[in-house]
Amino acid sequence: MTLFTKKKPLLALISLALSAVVLLTACGASTSSPAAQGDTNTQANKNVHFLYNFSTSSLDPHVDSSYVPLRAGVTETLLRLDEDNLTVAPWLAENWESKDGKHWTINLRDNVTFQNGKPMTGEAVKASLERALKENVAIQNTLKVDTIKAEGNKLEITTTEPFPEFASELVNPNTAIIDVSEPDIVNKPVGTGPFKLTSFTAGSKLELSRYDAYWDGASPLDSVTFSFNEDANARSLALKSGQVDIVYRPEVESLESLKAIDGLKVESTSTFRVHQLTMNMQRESIKDVNVRRALDALIDRKGIVDTILLGYGEPAIGPFLPSLPFAPKYTHAVTETGPDVAVKYLGDAGYTQQNGVMTKDGKPLKLTLLTYSSRADLPLIAQVFQSDAKKIGIDVQIRQIDAPEEYMASNRDWDIATYSNLTAPRGDAGYYLNATYHPKGALNFSGSEDPALTKIIDELNLTVEPKKRAELAEKAANYVHDNVLNSFVLHPATIVAYNSKKVKNWVTTRSEYYMITNKLDVM
């Protein structure tokens, strides 16, 4: 680990130089301090300004992978995750049942209305779900819906096969319930949440106003501004200057200076997220398991956590936090890492070092590594990996991309990628295993099609009994680990900083789904 010292990484220094321009673009030109902003809030307009780390150009909740409509309190799903108990809880659905895992009855809440005043009927929910299935192939593959029938406030849904986890998949933000009769779903979706959309500037911000007839009680706030800025340093500066009230994922190196400011609070919580090195299994060099093992051995997990995250995270063995009740024990886990181990694996793959270059059949080992800056630590992880790979003669070329899901799904001109993924947002191992390793998975960017693993996942999908599900999840995760289908780097903590002299009732969630709620308030 020679690339980083106690000085700021190059990326942060560059972003500092550009921050003034970025701030003016994304957050406006206010320069009041946090304490002053808390004192000058008036009852005329109780507003919270929230600054998020991902931008979006579309608010279509059925296809938008940033999930902004749900996070901003515009839309809701039939069920939600109870993060304390890691169970699925009612939301727009009052209750649900199935005796065989194939025929499902869902009873909707009474007296729920859309933000245009129309009632949320069974027919309206049916139309919304059918649109999600039509517009989003991943949702179609995930839900396995055959038929949907509506009668009053009751839905009868039949899946194409017994699917015990069907209900938990309704937590997915892409299944959000909206009024599909509205003319502009991309720019102004109408949902059932506590805030209705007033305006949307693509890539910049949403302006939201309180929905007075919200079924779970109107918000005490009058309005919310939900802004985007993908520069972590700029987000931190925006909070310091008082331009915003809440910042999601401020720059880690700025946390001590944020804590030192009177009135600013920094919260950190473990999440269901993992930073991983995604392997493109369709590239010739990556097809060799010994090459994948070598790349995995090069990852200095603890060094990255300590140096880049400054301890705000923990090294990863697999995709799931060890503290989660369904996390596998990884009985086959190999602990040997380091450059010497990597060289050994490459030797097993037929590579030798010639004049400091790792070569096979006269060809040097060159890899293209994708990364993206909206998660500030990923490019830094990529740089560390590049530096460590160079020491043993591997030429790693880093390529910055803007939309990782879109790029990796559409292009095969890369070998590995730093990627960050929520692995258990439904409170169960099945989501990640299906999404990432099943041939039909929405996040199967590696192009993995392993019949043995698919068979395990298919069996998991048909299993109800928790102990058996845990056994199958552990079997699948160990298979992924043993075959290094991806490498897992670390579990980052979710960090949020906010003006505690103004903001009341903010909750930093583990799922990262529920952000702007009807409980959020100001002093």
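In what follows, every heavy atom counts, from backbone to side chain, and hydrogens, waters and symmetry copies are set aside. In this chain, numbering begins with 1 at the start of the sequence shown.
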Residues N174, E135; criterion side-chain contact (heavy atoms from CB on, under 4.5 Å); working and verdict: CA-CA 10 Å; N174 287 143; E135 297 293 327; over 6 Å; no
S98: partners by side chain to side chain contact (heavy atoms under 4.5 Å, CB included), with sequence neighbours left out: D100, W104
With E97 via salt bridge (charged side-chain N to carboxylate O under 4.0 Å, His left out) - residues at least two apart: none
Ring centroid separation W91 to Y514 under 6.0 Å: yes
F50 and Y248 aromatic ring geometry - parallel, tilted or perpendicular at 30°/60° bounds: tilted
Side chains of T158 and T147 in contact at under 4.5 Å (non-hydrogen atoms): yes
K205 vs F226 side-chain heavy atoms within contact, under 4.5 Å: no
I398 vs Q383, side-chain contact (heavy atoms from CB on, under 4.5 Å): CA-CA, chis, key distance, verdict: CA-CA 8 Å; I398 296 175; Q383 290 175 35; 4.2 Å; yes
Separation between OG of S374 and OH of Y52, rounded to the nearest 0.5 Å: 9.0 Å
Heavy-atom neighbours of K134 NZ exceed 12 at 6.0 Å: no
Donor-acceptor contact below 3.5 Å, side chain Q276 vs main chain N421: no
Residues R210, D212: salt bridge by 4.0 Å N-O rule: yes
Distance-minimising heavy-atom pair for A202 and F200: CA-CZ, 3.5 Å
Close side-chain approach of K504 and M523, heavy atoms under 4.5 Å: yes
Heavy-atom closest pair, residues E182 and V190: CG-CG2, 3.5 Å
Heavy-atom pair of closest approach, residues P319 and V274: O-CB, 3.8 Å
Side-chain (N141) to main-chain (G441) donor-acceptor, under 3.5 angstrom: no
Any side-chain heavy-atom pair of F166 and K144 under 4.5 Å: no
Polar side chain donor-acceptor pair, S270 to H491, under 3.5 angstrom: no
K259 atom NZ: more than 12 heavy-atom contacts under 6.0 Å: yes
Distance-only polar pair, side chains of D64 and S58, donor-acceptor under 3.5 Å: no
E165 bridged to R469 by N-O distance under 4.0 Å: yes
Main-chain N/O of E512 paired to R71 side chain as donor or acceptor, under 3.5 Å: yes
Heavy-atom closest pair, residues S219 and L221: OG-N, 2.9 Å
Partner residues of P61 under the side chain to side chain contact (heavy atoms under 4.5 Å, CB included) criterion, sequence neighbours left out: P69, T75, A176, I178, I185, P189
Check: N444/S446 side-chain N/O donor and acceptor closer than 3.5 Å: yes
D60 vs R131, salt bridge (charged side-chain N to carboxylate O under 4.0 Å, His left out): CA-CA, chis, key distance, verdict: CA-CA 11 Å; D60 185 339; R131 182 184 184 276; 2.8 Å; yes
Contacts of type ring pair (Phe, Tyr, Trp, His ring centres under 6.0 Å), residue Y407, not counting sequence neighbours: none
Check: E83/S511 side-chain N/O donor and acceptor closer than 3.5 Å: yes
Within 6.0 angstrom of N505 CG, more than 12 heavy atoms from elsewhere: yes
Distance in Å, N53 CG paired with N229 CG, rounded so as to fall on 0.5 Å steps: 9.5 Å
Residues that T508 engages under side chain to side chain contact (heavy atoms under 4.5 Å, CB included), provided they are two or more places apart: E267, T269, T494, V496, W506
Spacing of CG belonging to N47 relative to CG belonging to L208, to within rounding of 0.5 Å: 9.5 Å
Minimum heavy-atom distance Q400-S373, with the two atoms named: OE1-N, 3.7 Å
Minimum side-chain heavy-atom gap R80-V88 below 4.5 Å: no
Criterion side-chain contact (heavy atoms from CB on, under 4.5 Å) against V252, the qualifying member of D377, I308, I495: I495
CA sep, side-chain torsions, deciding dist, call: D222, K46, salt bridge (charged side-chain N to carboxylate O under 4.0 Å, His left out): CA-CA 5 Å; D222 295 303; K46 295 174 68 176; over 6 Å; no
Side-chain heavy-atom pair P250, L239 within 4.5 angstrom cut-off: no
Side-chain donor-acceptor pair present, N45, S223, cut-off under 3.5 Å: yes
Distance-only donor-acceptor check, side chains E169 and T175, under 3.5 Å: no
Value rounded to 0.5 Å, distance of OH in Y372 from CG in D402: 12.0 Å
Intermediate values then yes/no, salt bridge (charged side-chain N to carboxylate O under 4.0 Å, His left out), D262 and K501: CA-CA 9 Å; D262 181 39; K501 289 190 174 183; 2.6 Å; yes
Beyond-backbone contact of D179 with T192, side-chain heavy atoms, under 4.5 angstrom: no
Spacing of CH2 belonging to W96 relative to CD1 belonging to I106, to within rounding of 0.5 Å: 9.0 Å
Crowding at CD, E161 (>12 non-hydrogen neighbours, <6.0 Å): yes
For the student: nearest non-hydrogen atoms of K240 and S257, plus distance: NZ-OG, 2.8 Å
Short side-chain donor-acceptor distance under 3.5 Å, Y431 and S168: no
Test side chain to side chain contact (heavy atoms under 4.5 Å, CB included) applied to S199 - qualifying residues, sequence neighbours left out: E207
Nearest-0.5 Å distance that lies between atom CD1 in I246 and atom CG in L51: 10.5 Å
CG/N111: more than 12 non-hydrogen atoms of other groups inside 6.0 Å: no
Side-chain donor-acceptor pair present, E405, Y419, cut-off under 3.5 Å: yes
Note, L490 side chain near I381 side chain (heavy atom, < 4.5 Å): yes
Side-chain donor-acceptor contact under 3.5 Å, D245 with N499: no
